[in-house]
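Take a look at the structure set out below.
If you read the sequence from its start, that first residue is 1, and numbering goes on from there.
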Amino acid sequence: MTAPMVKGVPMVKAEGVHKSFGHVDVLKGIDLEVAPREVFCLVGPSGSGKSTFLRCINHLEKVDAGQLYVDGDLVGYRRSGDKLHELREKEVAAHRRDIGMVFQRFNLFAHMTVLENVMEAPIRVRREAKAVVRARAEALLDRVGLGAKADSYPAQLSGGQQQRVAIARALAMEPKLMLFDEPTSALDPELVGEVLDVMRDLAESGMTMIVVTHEMGFAREVGDALVFMDDGIVVEAGHPREVLANPQHGRTKAFLSKVL
């Protein structure tokens with residue numbers, strides 16, 4: 001099944017995307033489009049290919065067949081006539097700067113303060129002026145409710161606070177697309193809400209987001225589109241409230257009966 005298509009140039013477009021690891025086919029022909037400013041939720045059981053698909057979008061994993069585009073640009077390759085040529089790592093890295101990614105684990109630099117963590121990439125990767133980056137980083141920390149923790153170290157923060165720093169760090173590169181790979185799955189239940197609140201704020205500001213999540217309430221309230229994946233394919237797609245309230249496919253019904 002193909003996810004519903006959108007008008008104009010999509011922020012993300014997948015055409016027949018396949019990915020295997022050894023003899024295991026993880027993605028078996030993914031076709032979908034994500035519109036600019038859309039909150040696009042991917043749900044499904046573990047091992048269904050959701051996280052692998054996210055990693056293909058910023059070329060952390062190379063697709064084996066099919067094509068992926070971000071904002072009209074082919075991911076990881078350039079086209080010359082009928083042939084595709086793989087981009088050099090430096091070119092891939094340049095494209096990746098426009099895509100923020102937040103993982104299950106926070107991956108903060110333990111030896112750096114919260115503020116230094118947020119400032120690191122714009123200074124090191126984009127060579128921006130330190131004063132400019134500092135002002136942006138401080139504003140982002142205020143936005144995620146951690147302005148008072150700028151001089152703290154990651155070990156002094158809760159898991160929810162660390163994940164909010166990770167979101168601020170991704171935003172510091174001023175991306176046009178944010179990818180979230182189960183950002184609340186490693187958190188204690190009482191800390192989930194504070195991270196989802198930051199993501200709601202991002203959605204309201206118009207950030208294009210692809211969110212792999214098990215938080216069905218978030219998908220229902222904030223999502224513009226929802227795709228249910230299983231065994232490497234798109235099984236069902238539609239508006240989150242419609243899919244969650246009235247799933248059409250038996251596999252979707254079975255999954256939702258266990259998580260809702």
Hey, any chance [X] and [Y] share a hydrophobic cluster, counting ILVMFWY side chains that come within less than 4.5 Å of each other, even indirectly?
X    : Y    : answer
L226 : L202 : no
F218 : F228 : no
M216 : V235 : yes
I57  : F180 : no
L171 : L108 : yes

So D98 and L177, side chain to side chain contact (heavy atoms under 4.5 Å, CB included) or not? Walk me through it. CA-CA 7 Å; D98 293 327; L177 169 66; over 6 Å; no
Approximate separation, where rounding is to 0.5 Å, of [X] [atom1] and [Y] [atom2]:
X    : Y    : atom1 : atom2 : answer
L54  : I99  : CG    : CD1   : 10.5 Å
K13  : D73  : NZ    : CG    : 13.5 Å
L187 : E182 : CG    : CD    : 11.5 Å
R164 : M199 : CZ    : CE    : 13.5 Å
Q248 : R251 : CD    : CZ    : 15.0 Å
Q163 : F103 : CD    : CZ    : 10.5 Å

Under a 4.5 Å cut-off applied to non-hydrogen side-chain atoms, are [X] and [Y] in contact?
X    : Y    : answer
H214 : V43  : no
V133 : V118 : no
V102 : L179 : no
K149 : L157 : yes
Y69  : E15  : yes
R78  : L87  : yes
Q162 : V195 : no
C56  : L27  : yes

State whether the side chain of [X] and the backbone N or O of [Y] hold a donor-acceptor pair below 3.5 Å, judged by distance alone.
X    : Y    : value
R96  : H59  : yes
K50  : P45  : yes
D224 : V39  : yes
R126 : M173 : yes
K19  : K62  : yes
E120 : N117 : no
E194 : V192 : no
S80  : K83  : no
D64  : S20  : yes

Exercise: identify the closest heavy-atom pair between [X] and [Y]:
X    : Y    : value
G100 : A170 : CA-CB, 4.2 Å
M178 : P175 : SD-CG, 3.7 Å
Q104 : S185 : OE1-OG, 3.3 Å
G72  : V9   : N-CG1, 4.0 Å
P240 : A219 : CB-O, 3.2 Å
A14  : V17  : CB-CG2, 3.9 Å

Side chain to side chain contact (heavy atoms under 4.5 Å, CB included) evaluation trace for N58 with V75: CA-CA 7 Å; N58 61 5; V75 173; over 6 Å; no
[Y] versus [X], side-chain donor and acceptor atoms under 3.5 Å:
X    : Y    : value
Q67  : R79  : yes
T208 : E38  : no
T113 : D151 : no
D181 : S51  : yes

Does the pair L68 and L74 meet the rule for a side chain to side chain contact (heavy atoms under 4.5 Å, CB included), with working shown? CA-CA 6 Å; L68 263 169; L74 191 59; 6.0 Å; no
Residue list, salt bridge (charged side-chain N to carboxylate O under 4.0 Å, His left out) with R200, at least two apart or on another chain: D197, E221
Using the side chain to side chain contact (heavy atoms under 4.5 Å, CB included) definition, which of the options V212, L32, V227 pairs with F53? L32
Indicate every side-chain donor-acceptor pair of residues 252-260 with a distance under 3.5 Å to a residue at least two apart or in another chain.
from : atom 1 : to   : atom 2 : distance (Å)
T252 : OG1    : E236 : OE1    : 2.8
S257 : OG     : A254 : O      : 2.7

Is a salt bridge present between R37 and E204, judged by a nitrogen-to-oxygen distance below 4.0 Å? no
Residue pairs fulfilling salt bridge (Lys or Arg N to Asp or Glu O under 4.0 Å) with at least one residue in residues 133-144, sequence neighbours excluded: E128-R136, R134-E138, R136-E174, R143-D201
Does M229 form a side chain to side chain contact (heavy atoms under 4.5 Å, CB included) with I30? I'd like the steps, not just the answer. CA-CA 9 Å; M229 286 180 63; I30 301 296; 3.9 Å; yes
